Amino acid sequence: MTDVREVDVLVVGAGPAGLAAAARLAAAGVGRVEVLDRERQAGGVPRHCAHGGFGTWSRPLTGPAYARRLVAAAERAGAVVRTGVTALDWAGPLALHTVGPHGPETIAARAVVLATGARERPRTARLVPGTRPAGVYTTGELQQAVHLYGQRVGARAVVVGAEDVSYAAADTVRAAGARVVAMVTDLPRAQTAPARALDSRLRHGAVLLTGTTVADLLGHGRLSGVRVRHRDGRTAVLPCDTVVFTGDFVPDHELARRGGLTLDAGTRGPAVDGSLHTSRPGVYAVGSVLHAVESAATAAREGAHVARTVLDTLAGAERPAGVPLVVDPPLRWIAPNRVTPADGLPYVLRTTAFLSRAVAEVTQDGRPLHRERLGAAVPNRTLGLTARWTSRVDPGGGPVRVGLTGR
Amino acid sequence: MTVTAHGPLPATPYDVTVVGAGVVGSAVARELARHPELRVALVEAQDDVGQGTSKANTAILHTGFDAVPGSLEARLVREGARLLAAYAAESGIPVEPVGALLVAWDEEQHAALPGLLEKAERNHYRDARLVGPAELYAREPDLGPGALGALHVPGESIICPWTTTLAYATQAVRAGADLHLNCRVERASRQDGAHVLRTTRGTLRTRLLVNAAGLHADTLDRALGHDDFTVTPRRGQLLVFDKLARSLVRHILLPVPTALGKGVLVAPTVYGTVLLGPTAEDLDDKRDTGSTAEGLALLREKGGRVLPALLDEEVTAVYAGLRAATEQDDYRITAHPEEGYVTVGGIRSTGLTASLAIASYVTDLLPGLGPTRELEPVRMPNLGEAFPRPYQRPELIAADPEYGTLVCHCERVSRGEIRDALAATIPPAGLDGLRRRTRARAGRCQGFYCGAAVRALFEETRRASAVGEPFEEARP
């Protein structure tokens, strides 16, 4: 029906991972590198992270400034960044149907990089009961409403979650002129830097309710309060007109699933090895779609890393098979989640347990491969594991397991 | 074309007034609008049409195979199904004839299937048949283990309830009926042979009156001196699973009904999602449309038996609707000719299917309506996945690039569709109304990506159209 247009590398998603990949590939001389983004502006989530913490130690930036720099770098290198264009579905193993204001188009590529990002689970997916009033947000919607559109939110907000993104959400609530009535976490303590939690409590008076879940949303029309339940069974109603559900990120894996790519049961993103190959030759995945959610710097690092893989593949390199990389509780997942002996990309992991001195143990078929001190383990925060052990993996052996011990 | 949402009501009396702009009231108003000599009013307590039972149901176009044979409901569902199927085709209301399977999970249920087949035949439905486990699993490969067989009812369809109500009301308004929103009837009396309705927006006089007030039909009935029935709100909680779950189910999967009711179903929706529900809880509070932890746990338990893989999928919506149950197992449509008054009560889950037949039945009960005419057809925006949506229509995008500019990514809703909905005959009063007209913000991210952009579009239009008007501020 529609003509097929051909490019060399097609990147889906113009966030830090996708833009970094495109910039490297274009700079390395790949002919046509095209980045698609369905949003009206490129840059991904940093566009609406009005706080600092982006960029480098020597050149700290706010999210929007960082996003602009990434876009400029990709374009300067010669990549074409197209916004307002949605990748709808696969048109072939390495081709996608798209639509935008100029109509439908089918784009075929020699390599496709998925950088589709992640999103927070909304109230519905978390199965929080109650009525369906207005005033219920995720951090993503809240930040866009406040920082991109200057919209009003309510006056009294409850923030669900006590991890880094939850504190960022609380800052956004305050930036919009509203008060954070309370923060609520089902865990026994906050999962952020102690100084940040303390600052929120002392300077802003935001009470942190630990061991507590949101049991019920109340109110018709506009939210009138949330009923919370403590682990010991006590309940209370917090009057508020706004509630922000934070964290609980999931990869935006629609294209990966529609394409039938193998997903990892832990991350729910596409399964990839340390070179960021997915299960389909010529298709790669980077950024938050692999590990919802990491810092922009991690995403950009993966973008740069995948560029090397793509260049090798375009030059005719074979894709090594690798073996699955699985975790044992209290770990929830690890990414990448396949391993080949040549892999060198550091790993990110998530745990469900608080441990002050966590040690990772890597084994294959009962054979120890590696032991590494990770420091403190905190749920909803990233643990890093080096890739210094991958050369000891037997590519013909069974799955490689990563366990966590400590206290 | 008159739609009002605030300010005083017209002083001139109406010939006919319909109270309640749900699917039934809107269908009645549309039918009345076919009489060019009548001044028709449709009054609604809430800020939009279809805000009560009509917006939160299982969205099925029934055959009536399982109705009580010989009941008014059985007859009107049978007639209504045919009428609505034809109307949907004309108006662009999405319908998918997916068929239903009543699945038997134990010997007792299996033994009940032949009786249900016979009941279907007594309801003049002759296409149903029994299927064994092999065919059942061939038809539904993801069905949980242990099903013994099923009754296949190929005529059952899924439909969009929002577009249906909106199409009726739009057509009525375009044909000259007045729609008054935010207009709750607080008292009703008769004066000089006319009905006098005291509403939150002033007094309305009308010669004839149709009570289609749904959950509140008994209250209005009593205000007019009739004590025929009591409405008990029966809550149904439902879960909607993401589009990525749609391939798991091909038919409407019904349980074998028991004495306790029709039970929990799993069904595809015309929007490409999967529905699980409803619960059945008799309540006292006609506003209690909240979901509960117990209700959701029950649904997941039942759904997990029918379609185990469903529980791994993301939930995009949780909602609860209230059915207008009465003491009797049938519709309660009663005419009081001497008063020029008809009550349309006790219209339960089949009301959507039967709506056009109810409308025709009700207008036949009203005296002196005068000549009729054909109405201008309406063409509704398509929310269904089985038909081309605007983003899938190159010719539309070529003519207007706004249809290729997607705002809501999960549901693939374009700016053009949002713009059109905001400028429609009956514009949405808030973001929920906009969602029911376009599906914007209804998907898996629930506004994470698009919520602020959709709200901005809504508020922009509202500001442009409401300059100087004392309209209630848009809800965020």
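A, B, ... follow the sequence lines: proteins, then strands. Residue 1 opens every chain. What you are looking at is a predicted structure, and each value in this text was computed from that prediction instead of being measured.
- In this structure, the side chains of R121(A) and Q446(B) stay at 4.5 Å or more apart for every pair of heavy atoms.
- Neither the backbone nor the side chain of D400(B) comes within contact range of chain A; no heavy atom of the residue lies under 4.5 Å from a heavy atom of that chain.
- Interface residue R415(B): only side-chain heavy atoms are found under 4.5 Å from chain A.
- For chain A, no part of R393(B) is nearby; none of its heavy atoms comes within less than 4.5 Å.
- Residue A453(B) touches chain A through both its backbone and its side chain, counting heavy-atom pairs closer than 4.5 Å.
- Neither the backbone nor the side chain of F241(B) comes within contact range of chain A; no heavy atoms are under 4.5 Å apart.
- Residue contact with chain A, scored on non-hydrogen atoms closer than 4.5 Å, involves the backbone and the side chain of Y449(B) alike.
- Heavy-atom distances place no part of E402(B) under 4.5 Å from chain A, backbone and side chain included.
- Of the two parts of L239(B), only the side chain, counted from C-beta on, holds a non-hydrogen atom closer than 4.5 Å to a non-hydrogen atom of chain A.
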Enumerate donor-acceptor pairs with a distance under 3.5 Å from any side-chain N or O in residues 38-46 of chain A to protein atoms, sequence neighbours excluded.
residue, atom, partner, partner atom, Å
R38(A), NH2, D252(A), OD2, 3.1
E39(A), OE2, H409(B), NE2, 3.3

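- The contact between A456(B) and chain A is made by backbone and side chain atoms together, counting heavy-atom distances below 4.5 Å.
- With hydrogens and angles ignored, the 3.5 Å screen pairs no side-chain donor or acceptor of T131(A) with any backbone N or O of G290(B).
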Identify all side-chain donor-acceptor contacts of residues 236-244 of chain A below 3.5 Å with residues at least two apart in sequence or on another chain.
residue, atom, partner, partner atom, Å
D241(A), OD1, A155(A), N, 3.0
D241(A), OD1, R156(A), N, 3.0
D241(A), OD2, A155(A), N, 2.8
T242(A), OG1, G154(A), N, 3.1
T242(A), OG1, R222(A), NH2, 3.1

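- For a residue to count as touching a neighbouring chain, one of its non-hydrogen atoms must lie under 4.5 Å from one of that chain's; by this rule L296(B) touches chain A with the side chain only.
- Going from atom CG of L88(A) over to atom CG of L406(B) covers 7.0 Å, rounded to the nearest 0.5 Å.
- Looking only at side-chain heavy atoms (C-beta outward), R132(A) and V318(B) stay at 4.5 Å or farther from each other.
- The interface of residues 253-266 of chain A with chain B, defined by heavy-atom distances below 4.5 Å, comprises H253(A), E254(A), R257(A), R258(A).
- Scanning residues 172-180 of chain A against chain B with a 4.5 Å non-hydrogen threshold yields no residues.
- Side-chain contact between R455(B) and Q144(A): absent, with no pair of heavy atoms (C-beta onward) separated by less than 4.5 Å.
- Heavy-atom distances place the side chain of E314(B), and not its backbone, under 4.5 Å from chain A.
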